[in-house]
Structures are given as structure tokens and as C-alpha cells.
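What follows is one structure encoded as C-alpha cells, with my remarks underneath.
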Amino acid sequence: MEHDPTDPIHQFQINRIVPIKIGDWDFSFTNSALFMVLTVAITAAFLYYTTRGRGLVPSRGQSITELTYEFTANMLRDAAGTAGMKFFPFVFSIFMFVLVANLLGMFPYFFTVTSHLIVTFALAMLVITVVVVYGLMKHGLHWFKLFVPPDVPALLLPLVVLIEIVSFVSRPVSLSVRLFANMLAGHITLKVFAGFVVSLSALGALGILGSILPLLMVIALTALEFLVAALQAYVFAVLTCMYLNDAIHPGH
Amino acid sequence: MAKDDDAERAGPAAGAADTAAWDARRAALDAKLAEHRARNAAESARERKSGTSQGIAEGLKLASEFVAGIIVGAAIGYGIDRLAGTMPFGLIVFLMIGFAAGVRNVLHSVGPSSSPAPKTSDEPPGRSSRNGES
């Protein structure tokens, strides 16, 4: 099929860069994998080079790193208390990965890793697995009290516990769907309005005049998308902290 | 060291006058600090209220919480039906439970204060009933 330059979905296509096949399994290095590697490499390189000097009076880059550190540390301490600080590397890694992946996706022609449900779902399952495993390790079977709210009549208890369990299982779903849907919808909207500019300006002088409106829209949407990229990374990290709090203090 | 010696030599009367003066000063400072804090809190609350984009984010968050509950309920119901061969009933029951879980998610994420207050029995009946309505 011929590739239409204004097709809004085309940007999410996965291409094999280095095909690798082991048995029946497809382990190809795709553009998605390439951008995940890029995200990690950029994050690690930025954090390493900005903290190498370690000046008492921080340079610009060092301040960015220190602000990010303090921001994440405060977020975790507010949500999960000082006992949660042992999860700081985990939360910081997730926050930086999602943030940098979202921002990388804002470059034209770049692939947005977080606009694929499977990637965000894997991240959310990682969080929930850590919560369940740590909760069971720390509190043993007492951790299941999380599903039994206090002061519930015995008659309603089975129903309430069932609802609590479904609510707990829905957490990774809502966590991953929120990030994925925000990135997907934003990038499609951006591409649709940019496509209007292209197809209208092909119509001649009047079309070029008319394409100013969608162009203004694209500019406004780009600003909004930068906001969404940062906000969704923040929301993902905050909810991670809140779920970790359930693993550390299941009582409340 | 020298200052301590001076204070001891001045005697107990001067010491009492000093403490009173310090207390008055501390009270004045406390009052000023409290005023400042109240003003800061009001300002930050106003700033928080004015963000439209944060409202959109909050709305999307609540919507996804609600939908996720229903999706998970439907998935569990469908799975049970497939395993046990009771086609519509598991789906019906677990859709309802998923709906309840979605509502619970939304209530929970709006704030811990919105969960049903367990201490209503301690309060006078008139007040607790008003709390229940709001």
C-alpha cells in the first residue's frame, strides 16, 4: 500500500531494524526498542555528566539534576513516608524513563515509546509486582488486610472484599491506559491538524490562507503536548508512590 | 563565657524582666509568623484552583480509574464464563462488581476524606446525618 504522508496512524508503526529470530519467537530490534535504548542512554548520560563536576555552587545542568532528585524524593516521602525512601531508585528510574520517553516523542519523526499500550502496561505491571512481592515479603499474609476495610458489617464483607480486589487489579490497567491514551491521542491530534496544513496549502492561494488556522492550532497543541508529557510522567510517578505506600503500610 | 557571668551578676530581678521581654517578643513574632503562613496558604490554594489544564488532567485521571474498574470486572467475568461455561451470568455479576470497583476507585482518588467516615457514631446524630448527605 502506498504511504500517505498525512496518515496520522503511520507514526506508531513498528519497523524491524535488525531482524532476530530465536525459534518461533521474534526478538527483532525494532524502532521501539531503539528509542527505549536511546531514552535510557540519554537519561544516564545527562545524569552522569551533570553530576560529574559536583560543584558546591551547582552549574545549570547540575541544578536540573538536583531539582529532579529533590522533586522525586519529596514526592515519595509525602506519599510513602521515610520508609518508602528505599524505593527511591525505582521511582526515580520510572519517572525519568517516562519523562524522557515522552519528551523524545515530541521531536518530529521520532517514535514515541509510551504511545504503545504494551510498553506502559509492562511498566505498570512492574510497579504492581514490586508492590505485591514487597508487601508479602514484609508483612506476610497480614498484607491481605489491605483488601479488608475496617468497620464493615460481616454480611457485606465478601462483597466488599471482592470489590476491593477488582479495584486493586484495575490499578495497573488504569495506570497504563492513562499514559498510553494521553500520548496516543495527543500525537494523533497533532498529526491530524498538521495534515490539514499540508492538504489545504496544496489547494492554491486561498488554501494557503486557510491553512493558517490549523497551523495556529498545531502550535498551541505542541505546547499542550509538552505539558501533557511532563504531567503524565508526574502522574505515573505519584501513583507509583501511592501504590508503594500500600505495600509498606497496608493498614491505611 | 563572659556573657553568662554578666547575667549571673545582674541578679534574679533583672533575669525575670529579661524573660518577660523575651516572651513578649516571641509572642509577637509567633503572631506575625502565623499571619504570614495563613496568607501563603491562601495564595497557594488560589493558585491551585486556577489551573485549567490541571483540571483536565484530574478529569482524565478519574475517568480512566472508573473505566479501568469496569474493564477488569468484565474481563474477570468473561474469563470465569469461558472456564465454567456459564455464559452470561459471570459477566453480569462481575460487570456490576467492576462498576462498584470503578466508583470506589474514583471516590478513593478524590481524597481519603471522602471515604465513609468511621467515626460518625461518636458525633451527635444531627451532625452525622448532615455529613452523610454531603
Side-chain angles (χ1 to χ4, degrees), chain A residues 78-79 117 120-121 124 128 146-147 149-153 156 158-186 220-221 223-239 242-243 245-246 249 251-252, chain B residues 44 48 50-80 89-123 128 132:
Chain A
D78 284 348
L117 181 56
T120 59
F121 192 67
I128 294 298
L146 180 67
F147 299 122
D151 301 335
V152 173
L156 281 176
L159 190 64
V160 170
V161 168
L162 210 56
I163 289 172
E164 289 284 328
I165 290 173
V166 171
S167 160
F168 184 82
V169 174
S170 77
R171 279 174 177 184
V173 176
S174 72
L175 195 59
S176 56
V177 166
R178 184 179 312 126
L179 178 58
F180 145 78
N182 267 292
M183 298 318 289
L184 184 84
L221 277 175
L224 182 72
E225 276 310 293
F226 273 109
L227 183 81
V228 167
L231 205 64
Q232 286 307 314
Y234 170 70
V235 167
F236 200 96
V238 162
L239 286 173
M242 283 169 62
Y243 297 161
N245 184 39
D246 278 346
H249 315 109
H252 38 93
Chain B
S44 66
R48 226 175 295 133
S50 64
T52 325
S53 53
Q54 265 182 332
I56 296 173
E58 184 75 9
L60 280 173
K61 197 179 114 191
L62 295 183
S64 69
E65 301 260 14
F66 182 60
V67 171
I70 295 175
I71 289 175
V72 168
I76 293 175
Y78 187 71
I80 287 176
F89 300 107
L91 199 56
I92 292 169
V93 169
F94 271 89
L95 255 178
M96 285 188 198
I97 288 171
F99 182 83
V103 172
R104 181 223 169 265
N105 280 348
V106 170
L107 286 181
H108 205 75
S109 73
V110 167
S113 55
S114 58
S115 64
K119 287 189 192 114
T120 37
S121 55
D122 297 349
E123 288 170 4
S128 75

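Remember, predicted model here, so these are calculated numbers, not experimental data.
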How long is the straight-line distance from CG of Leu159(A) back to CE of Met96(B), given to the nearest 0.5 Å?
11.0 Å

If I take atom CD1 from residue Ile97(B) and atom CD from residue Glu164(A), how far apart are they, to the nearest 0.5 angstrom?
12.5 Å

Qualifying residue for side-chain hydrogen bond (donor to acceptor under 3.5 Å, both in side chains) with Ser167(A), from Arg104(B), His108(B), Glu65(B)
Arg104(B)

Any chance CZ of Phe147(A) has more than 12 other-residue heavy atoms, nucleotides or ligands included, within less than 6.0 Å?
yes

Working for side-chain hydrogen bond (donor to acceptor under 3.5 Å, both in side chains), residues Asn105(B) and Ser174(A):
CA-CA 10 Å; Asn105(B) 280 348; Ser174(A) 72; 5.8 Å; no

Interface moiety of Ile76(B) toward chain A, non-hydrogen atoms closer than 4.5 Å
side chain

For Gly98(B) against Val166(A), the heavy-atom pair lying closest together
CA-CG1, 4.1 Å

Shortest non-hydrogen separation from Ala100(B) to Ile163(A) and the atoms involved:
CB-CD1, 3.5 Å

Quick check on Val169(A) against chain B: is it the side chain, the backbone, both or neither that has a heavy atom closer than 4.5 Å?
both

